[in-house]
Amino acid sequence: MNDGTIKKISGPLVVASGMKNANMFDVVRVSDERLIGEIIEMHEDRASIQVYEETSGLKVGARVETTGEPLSVELGPGLIGGIFDGIQRPLVEIMKQTGNNLTRGTEIPALDREKKWVFEPVVSVGERVYGGDIIGTVQETDVVNHKIMLPVGLSGIVKEITGGTCTVEDVVAIILDEKGTEHGVGIVQRWPVRKPRPYNKKLSPDMPLLTGQRVIDALFPIAKGGVGAIPGPFGSGKTVTQHQIAKWADADIVVYIGCGERGNEMTDVLNEFPELIDPHTGKSLMERTVLIANTSDMPVAAREASIYTGITIAEYFRDMGYSVALMADSTSRWAEALREMSGRLEEMPGEEGYPAYLASRLAQFYERAGRVISLGKNGREGTLSVIGAVSPAGGDISEPVSQATLRIVKVFWGLDSALAYKRHFPAINWLTSYSLYANNLGKWFDENVGKEWSALRKDILKLLSEEAELLEMVKLIGMDSLSAKDRIKMEAARSVREDFLHQLAFHEVDTYTSPEKQLKMMKLIMEFYEKSVALTNNETDINSLVMLPVREKIGRFKYIPENETEDKYNEIKTEITTEIKELVERGE
């Protein structure tokens with residue numbers, strides 16, 4: 001322990017002297033209220049501390065005590081279904097003890113010390129184990145089997161291992177290392193949040209993270225272990241899009257970080273998730289979810305901690321061999337916290353006042369995603385996919401946070417306020433968005449969903465691009481000047497936009513679309529387009545073609561339940577050929 005005293009207070013930044021024996025990123029306790037802080041700058045014996053709690057009322061001369069440890073999180077049973085703040089304090093337990101308002105200096109362990117868990121060993125006495133090896137399991141929820149791993153850096157012979165009921169503080173195994181020293185191992189371990197958890201090997205991401213959102217899966221897919229960004233102005237649907245991905249993505253574990261967002265948005269998450277039924281398991285979505293709640297009215301410094309806390313927990317479950325999806329909403333609020341703390345430290349500002357190291361901090365965060373083989377003699381394959389929302393002022397993505405993010409991520413889902421104003425959701429602009437995973441993932445879709453997938457995707461993107469060009473012509477010379485084939489092309493593109501890309505998040509059926517159903521939808525739209533082009537000529541009345549009854553059936557196909565799509569698809573496909581042929585034969 002090393003005590004110092006406060007010399008200066010500037011909002012969440014406290015400068016203390018007498019901290020000569022402290023280290024960078026040590027956790028400290030400030031004043032008699034024991035507020036939690038972290039050292040972010042050192043000059044001889046003077047330490048600059050960002051305090052993660054409200055600093056009003058602090059006085060110069062108050063005591064500062066260093067713990068000698070970096071900011072760390074507890075990793076073990078009890079995380080799933082938990083609701084934590086940015087420094088992993090359990091908000092539900094705090095509410096029970098202190099009421100609805102968070103009391104400063106509250107010290108409650110992240111994981112319940114009294115709850116009983118059933119530990120089942122999977123290794124035997126005398127067996128050699130290495131850091132990262134699974135030594136036992138705990139059935140944390142009905143859907144998550146929590147794998148207890150030997151801490152990184154420890155290896156040796158199992159001297160004792162005990163199954164049965166235990167708490168998070170109990171020792172369940174004793175490991176004898178090479179020097180003959182005994183090490184007690186429990187079902188919980190601590191890990192510093194700023195240090196990425198190690199792995200054995202990083203693999204290329206070549207499987208999609210299926211979300212059930214058609215504009216994402218079909219046009220701009222993200223890989224398991226990939227990184228993506230959702231930039232967009234206020235009201236364009238960033239949060240709802242992330243909620244949809246969190247609800248429906250085919251990930252084993254979801255970690256949702258509300259980083260500096262409005263309290264009502266986090267309230268929606270806290271109210272919705274426990275009531276949602278997971279389509280993959282039939283259980284509550286909270287049985288595979290961890291929530292980090294850090295709202296805009298909490299101290300600004302805690303935003304940075306929430307990002308690191310969330311991704312460390314996500315890495316932990318990745319190391320078990322699970323597929324983990326992490327949602328960060330939003331990294332712009334974190335960048336604003338960096339800007340404020342940088343200003344208080346009087347550092348040389350970069351563009352728009354953000355610190356010069358903004359891009360490197362963002363890169364360090366996103367680079368912790370990936371598809372990896374974990375440590376241990378029987379390494380497991382796990383994935384961590386990171387999707388970060390960006391909130392540029394006015395939707396201007398030329399600002400520093402958006403630009404720094406775009407240089408890092410491989411998927412860009414650009415939200416458009418014009419689409420949102422038209423009530424077209426998800427408001428992902430198909431002309432500005434992109435996915436650098438699309439070509440690699442196309443092979444997976446072709447092999448596992450349908451061999452036409454990649455070709456249909458290219459045709460649809462081409463159709464939407466050509467529609468944009470034709471719309472410019474229409475503005476100049478009018479719709480009547482277009483040829484019949486161009487007008488059919490515009491109608492087909494409209495069908496893609498309204499019948500395929502437009503998706504209702506709150507509709508019982510339309511909220512989620514399987515890849516197989518998405519393929520059928522694309523095939524129906526392109527079937528109508530290709531048959532129309534082939535069978536019609538310049539004398540054909542395009543209005544009659546548009547008004548064919550089968551057009552409405554194509555548009556309403558997205559509301560057909562998954563188990564009825566095959567029969568309905570075949571029926572509509574037959575009607576397309578029949579109705580267009582009859583129209584041409586009548587000479588209309």
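Small disclaimer: the values here were computed from a predicted structure and weren't measured.
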Polar contact flag, side-chain donor to acceptor under 3.5 angstrom, [X]-[Y]:
{"X": "Gln50", "Y": "Glu304", "value": "yes"}
{"X": "Glu399", "Y": "Ser402", "value": "yes"}
{"X": "Ser155", "Y": "Arg128", "value": "no"}
{"X": "Asp396", "Y": "Ser398", "value": "yes"}
{"X": "Ser342", "Y": "Glu347", "value": "yes"}

Count the heavy atoms belonging to other residues, nucleotides or ligands that lie under 6.0 Å from [atom1] of [X], then report whether that count exceeds 12.
{"X": "Tyr357", "atom1": "OH", "result": "yes"}
{"X": "Lys195", "atom1": "NZ", "result": "no"}
{"X": "Glu346", "atom1": "CD", "result": "no"}
{"X": "Glu44", "atom1": "CD", "result": "no"}

In plain terms, say whether [X] and [Y] are close enough for a salt bridge, that is, a side-chain N and a carboxylate O under 4.0 Å apart.
{"X": "Glu340", "Y": "Arg303", "result": "no"}
{"X": "Glu41", "Y": "Arg344", "result": "no"}
{"X": "Glu169", "Y": "Arg113", "result": "yes"}
{"X": "Lys377", "Y": "Asp133", "result": "yes"}

May I ask you to test the [X]-[Y] pair for a side-chain heavy-atom distance under 4.5 Å?
{"X": "Asp329", "Y": "Tyr256", "value": "yes"}
{"X": "Thr383", "Y": "Met207", "value": "no"}
{"X": "Pro70", "Y": "Arg194", "value": "no"}
{"X": "Arg380", "Y": "Ile134", "value": "yes"}
{"X": "Val30", "Y": "Thr55", "value": "no"}
{"X": "Ile39", "Y": "Ile49", "value": "yes"}
{"X": "Phe412", "Y": "Pro231", "value": "yes"}
{"X": "Ile80", "Y": "Val290", "value": "yes"}

Point to revise | Tyr322 six-ring face occupied by Lys147 cation (under 6.0 Å, within 45°) | key: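 Pair Lys147/Tyr322 counts as cation-pi.
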Check your understanding: For the atom pair CD1 (Ile83) and CD1 (Ile94), what is the distance rounded to the nearest 0.5 Å?
Key ->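 Nearest 0.5 Å value for the CD1-CD1 distance: 11.5 Å.
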Review point. What distance do Ile257 atom CD1 and Trp334 atom CH2 have between them, rounded to the nearest 0.5 Å?
Key: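 Here the interatomic distance stands at 9.5 Å.
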